[in-house]
Amino acid sequence: MESKVPSQLPVDGLKKWSGYTLDDLRYQRAVNHVKMEMERERLASATRQFVDRKQSAFAGGMMRKVFTGFTVIDYALLAFQATKQIRKIYRLFKK
């Protein structure tokens, strides 16, 4: 929207400029509302991408390494150690 203020002021200053009409003000308000909505959507999109990237880095990277990095023997040893710890805790509470 072009400004209603003339680029070259008349000799008597702004006395001839009557100001904005209600339609002009409504138009400017609508344009600003659209700009704010677009910025809100841009920020929401950027936030969503950031969160998705963080989740995929953890879920995809770390969990994949855990599940693909161990052999069957490693899993068996982990199960044995976990069973020993659970048995110790169970005996402690049984007494």
Side-chain angles (χ1 to χ4, degrees):
M1 179 177 172
E2 292 181 22
S3 176
K4 293 288 184 174
V5 179
S7 59
Q8 295 199 1
L9 296 174
V11 178
D12 58 351
L14 290 176
K15 291 182 182 178
K16 290 185 180 181
W17 185 64
S18 60
Y20 294 112
T21 63
L22 285 177
D23 289 334
D24 292 335
L25 293 174
R26 287 183 186 128
Y27 179 77
Q28 287 178 355
R29 186 174 180 198
V31 167
N32 285 334
H33 182 69
V34 169
K35 286 179 183 178
M36 287 188 328
E37 286 296 320
M38 289 175 59
E39 188 64 21
R40 226 178 257 138
E41 286 295 321
R42 187 188 67 78
L43 286 173
S45 175
T47 304
R48 207 171 20 252
Q49 288 174 356
F50 179 74
V51 169
D52 290 345
R53 210 175 302 136
K54 287 291 184 185
Q55 287 176 349
S56 66
F58 176 74
M62 294 295 288
M63 298 305 277
R64 189 179 325 138
K65 285 180 184 176
V66 167
F67 289 122
T68 59
F70 292 149
T71 63
V72 176
I73 295 172
D74 293 330
Y75 285 118
L77 288 173
L78 284 172
F80 178 72
Q81 292 294 330
T83 305
K84 277 179 49 177
Q85 293 298 325
I86 291 171
R87 199 173 343 154
K88 284 181 185 178
I89 293 171
Y90 179 72
R91 286 183 193 162
L92 180 70
F93 284 111
K94 191 176 177 182
K95 290 183 182 181

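Residues take their numbers from the sequence shown, with the count starting at 1.
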### Message
So Glu41 and Met38, do their side chains get closer than 4.5 Å, heavy atoms only?
### Response
no

### Summary
Value for CD (Gln85) from NZ (Lys88), rounded to nearest 0.5 Å, stands at 5.0 Å

### Task
Say whether, by atom type as modelled, one donor and one acceptor occur between the side chain of Thr47 and the main chain of Leu43 under 3.5 angstrom.
yes

### Query
Which distance, rounded to the nearest 0.5 Å, do you find between the CG of Leu78 and the OG1 of Thr83?
10.5 Å

### Task
Carefully, step by step, assess Glu37 and Val34 under the rule side chain to side chain contact (heavy atoms under 4.5 Å, CB included).
CA-CA 5 Å; Glu37 286 296 320; Val34 169; 5.7 Å; no

